[in-house]
Structures are given as structure tokens and as C-alpha cells.
Amino acid sequence: MNSVQEPANPPFILSVSKDRSEPVEGRINLLDFDRKGLTAFFVGLGEKSFRATQLMKWIYSEGVEDFDAMSNFSKSLRSYLKENCCITPPEIVLEKVASDGTCKWVMQTHCGNRIETVFIPEEGRGTLCVSSQVGCALACSFCSTAQQGFNRNLATAEIVGQLYAAQKRLGETKITNVVMMGMGEPLLNFDNVVAAMNLMMDDFAYGLSKRRVTISTSGVVPAMYRLSEVCDVSLAVSLHAVRDELRDELVPINKKYPLKELMAACRDNAKIAPRRTVTFEYVMLKGVNDSLDDARELIRLLKTVPSKVNLIPFNPFPNSPYRCSSKDTMNQFKNVLNDAGIITTIRKTRGEDIDAACGQLVGQVQDKSRRHLKLANASFDHVA
Ligand code: SAH
């Protein structure tokens, strides 16, 4: 199959494979390195640094995984790589295609956890929503990933590997945009996520522009400052509330990094380049955060940051205590913001019939966080 654009109705399961075997013990997964990492790797072997970009061309442009076929490498280098290295993305074990063409893949990591990756085809572009962790350590009350608990950070190979596996699966259908909006909090897996995004933007790998790679965070403030320094990608912030009291409840990391600190970090990020804007995501929860007073307070809050606002209709999941705001309420909220000069859109919900919409990704997480014990008394002293 070269394209998943043909919508299937009703949603269907295309393929389920067996649990994949462990990667060969002790091998170095070359998808784990960005260009800098690969350069250090080859120099460490006594090879010239340009081997890094040669290898990247083989992997990402030619799709070659067989070291024997890498004809510009010496025989001894090829046999070293063959014995000691591998090119192993996570394996797609399940595919579901929604009636609107949105495609969700369940990908299996080597330790048997399952994460989810979503492809959203649109006119003129195709967006891949990538996961950064197995589960999530934050406990946002309106997000179903949060209910799964947390197992571990994904390796760089498992993050960029979602793009690798998805693009291979899609064939001619090009992935033009990546959003780090799948399972997990990307800024709590800083180094691996940055290396993966470097590959997404590297001309020798995927060559996506910084406008087409977006990281979304619930507000890990120290990591936001670090990000501004090392990696120029588009920033989205999951705001969801305009007062600390409510945000503490919806996005509990707010207790550690309250709105004032969060907005200062956003201002810092906006300074990276002229005309840069920060996108604020705001989930619309009926009777909770959707009043016109909230909209006016939002305008006040965003005054000092060049911003766009993306209103997200709440996507329900089993036992969730919330309901989505009505269409009228969302439109009124949007109009108030637009009238104040803040570009505001309502996110089109995609892939709802296969549970692929925002906040519906659950994967299969062997929770190590003892979430059920912690939920009542969440503390974030371990973060950042
Ligand atoms: N942890 C990161 C990445 C997740 S991105 C973050 O918080 O930004 C996923 C986006 O979908 C976030 O804005 C998240 O708050 C939002 N979301 C989570 N659950 C949702 C739900 N049930 N309905 C709609 N949006 C949801």
C-alpha cells in the first residue's frame, strides 16, 4: 500500500503483527544520532567526519538499511557497522484509518510498550503527530494519555523512527509537517526530543523548515528557556486556563510553574526571531473555562506575547468528567479574541472515530509511576 488517503468507512484494522523481537543485544541504533552525534560516532571510529552525512543520505534519502549496500563505505567500515550497529525504527503493529482519512498507527517499542502516532492528511499538506514518551507523567485532568500513567522516555530512534516508519508506510504521500503533540510531555524528554527534531530539520535527513516542526508543552518552564537556546522550532503551549487556580486543576504542572513564570518563558521564546509567534492551545470545556470573561482575561494575559490561539474542542474519553463547549460558545469565544486582534482558530477534530484526536492517544503503557497512588496528590518535584 502506498497511500492511506483513501478513507475507509467504517474504520478498519489493516494489520496486526506479532510482538516484535528484541533488537540484537548490544547493537547501536544509528537512528539514535543526529548529525552531531553521528559525526562524533564516526570520528570515534577513526573515520572522517563526512561519513555522518553520507550515512544520513543512505538512511533518510535512499531508505537503505543494508550496510552492504552503502557503496561509498570501505569494506571494513561496512563490516564493522554490520556487526555492531542497526537501523531499527519502532514497528507498526496496528493501523486504523478513519472515515476522514486520518491514520493512526500503534507502534511497538523494543520493550513491549505501545505508543501511538497519527497522520492527518489535509489539502496540500500532511501532518504527523509524534509521541515523545510512553505514557505521560503529568496528570492533566482532561487528557486520556494521563490516565495511562508513565513508563519511560522514548529514545531518539523511537521518536524520529515514528517519522521514518510512517513515511515508509505512506510511500508517495509526503509528511510535510511534524507536531510533537502525541503521547507524553516532550520537554521532559529534552535531549532525545531535540536530537529527533534536529534530524527532522536537517537537510541530510528530512529537511523540514522550523515552521513545520512544532513542539507542544504543558509548560515545563526551565526546559522552555533551554529550548530557546538550542533548537529553533515552532512553540505551542497548552494553556487551557487563564487563572492559576483553575490551571492548577487542569494542568497540575502549573503548581510548579504558574502562569506568570510560564508567560515570561513564552516572551523569551518569542524573542528568538522577528515576527515569531507562540501558539496557545486552549481546550474548550463546557462551563469550566469557556466564559466570555475567560476570553477577555486571555486577551489580557497574551498582551505581552506575540500570539496565536488554537481552540481545541474537548475530545471525550471513557469516564472523563468534562464536556465540550457548544459550537456557539466556541465561536463567540473565538470572535472576542479575533476582535482584539489575536488570530484565533478552532482546531478541526480529526480521526475521532478511531480515537486519534487530541488527548485520545493511549497506546499500551506498563505504568511505572504508580499513577493511581499519586493522582490525588500530584507533585512535580522530579521534573526539569
Ligand atoms: N504534553 C504536551 C503534548 C501533548 S499535545 C502538551 O501538553 O502540550 C496534545 C494537545 O492536546 C495538548 O494541548 C493537550 O492539552 C490537548 N489535549 C489533551 N487531552 C485533550 C482532550 N481530551 N481533548 C482535546 N484536547 C486535549
Side-chain angles (χ1 to χ4, degrees), residues 104 115-118 120 127-150 153-154 159 162 177-190 193 196-197 213-221 223-224 227 233-241 246-247 249-254 256-257 262 265-266 269 278-286 288-290 307-325 330 345-352 355-363 365 378 380 383-384:
K104 178 168 90 171
I115 51 164
E116 298 189 340
T117 309
V118 177
I120 305 147
T127 303
L128 193 72
C129 180
V130 167
S131 292
S132 56
Q133 297 182 312
V134 183
C136 190
L138 305 185
C140 300
S141 56
F142 53 89
C143 178
S144 67
T145 305
Q147 319 304 314
Q148 302 296 303
F150 175 73
N153 282 332
L154 290 175
I159 301 167
Q162 293 168 61
N177 294 60
V178 175
V179 291
M180 297 299 308
M181 295 186 184
M183 297 169 69
E185 168 48 53
L187 286 185
L188 290 180
N189 184 12
F190 192 89
V193 165
M197 294 192 305
V213 178
T214 302
I215 191 166
S216 177
T217 181
S218 52
V220 188
V221 165
M224 289 170 70
L227 184 74
V233 288
S234 302
L235 178 68
V237 172
S238 294
L239 191 63
H240 306 319
L246 178 60
R247 197 163 190 271
E249 203 182 291
L250 300 178
V251 188
I253 199 173
N254 193 69
K256 192 163 173 73
Y257 306 116
L262 176 62
C266 292
N269 187 275
V278 175
T279 299
F280 290 91
E281 295 159 283
Y282 195 96
V283 67
M284 296 299 287
L285 304 172
K286 187 175 192 160
V288 175
N289 65 355
D290 63 352
S307 342
K308 280 186 202 145
V309 171
N310 197 206
L311 303 176
I312 315 178
F314 170 66
N315 295 306
F317 53 88
N319 302 323
S320 63
Y322 302 106
R323 287 167 63 202
C324 184
S325 311
M330 290 197 275
T345 48
I346 299 177
R347 188 177 290 176
K348 210 170 149 205
T349 296
R350 300 289 304 263
E352 224 174 351
D355 288 341
C358 295
Q360 291 187 319
L361 303 187
V362 291
V365 179
F380 296 99
V383 301

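Indexing begins at 1, ligand by ligand and atom by atom, following the structure's order.
- By the criterion of a heavy-atom distance under 4.0 Å, the backbone of Thr217, and not its side chain, is placed next to ligand 1.
- With ligand atoms numbered from 1 in the order given, ligand 1 contributes 10 (C), 12 (C), 13 (O) to contacts under 4.0 Å with heavy atoms of Glu281.
- Annotation for ligand 1: atoms under 4.0 Å from non-hydrogen atoms of Ile312 are 13 (O), 24 (C), 25 (N).
- A distance-only check finds a donor-acceptor pair linking the side chain of Asn189 to the backbone of Leu154 [under 3.5 Å].
- Residue-ligand proximity: Pro313 is placed with a non-hydrogen atom under 4.0 Å from ligand 1.
- Here is the list of ligand 1 atoms found below 4.0 Å of a heavy atom in His240: 13 (O), 14 (C), 15 (O).
- Between Thr217 and Glu185, the side chains place a donor N or O and an acceptor N or O closer than 3.5 Å (distance only, hydrogens not considered).
- Listed by atom number, the atoms of ligand 1 under 4.0 Å from Asn315 heavy atoms are 21 (C), 22 (N), 23 (N), 24 (C).
- Of the possible donor and acceptor atoms, none in the side chain of Tyr322 sits under 3.5 Å from a partner among the backbone N and O of Ser141.
- Ligand 1 has Gly184 within reach: a non-hydrogen atom of the residue lies less than 4.0 Å from it.
- Heavy-atom contacts of Ser218 reach the following atoms of ligand 1: 6 (C), 7 (O), 8 (O) (cutoff under 4.0 Å).
- Near Cys143, the atoms of ligand 1 lying under 4.0 angstrom from a non-hydrogen atom of the residue are 18 (C), 19 (N).
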Q) How far apart are the C-alpha atoms of Ser238 and Val251, what are their side-chain angles, what is the distance that settles it, and do they pass the side chain to side chain contact (heavy atoms under 4.5 Å, CB included) test? A) CA-CA 8 Å; Ser238 294; Val251 188; 5.7 Å; no
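- Heavy-atom minimum distance, Phe314 versus Phe142: CE1-O, 3.4 Å.
- Gly182 counts as a contact of ligand 1, since one of its heavy atoms falls under 4.0 Å from the ligand.
- By the 3.5 Å distance cut-off applied to N or O atoms, Arg347 is not counted among the residues near ligand 1.
- Distance alone, capped at 3.5 Å, is enough to place a donor-acceptor pair between the Ser131 side chain and the Met183 backbone.
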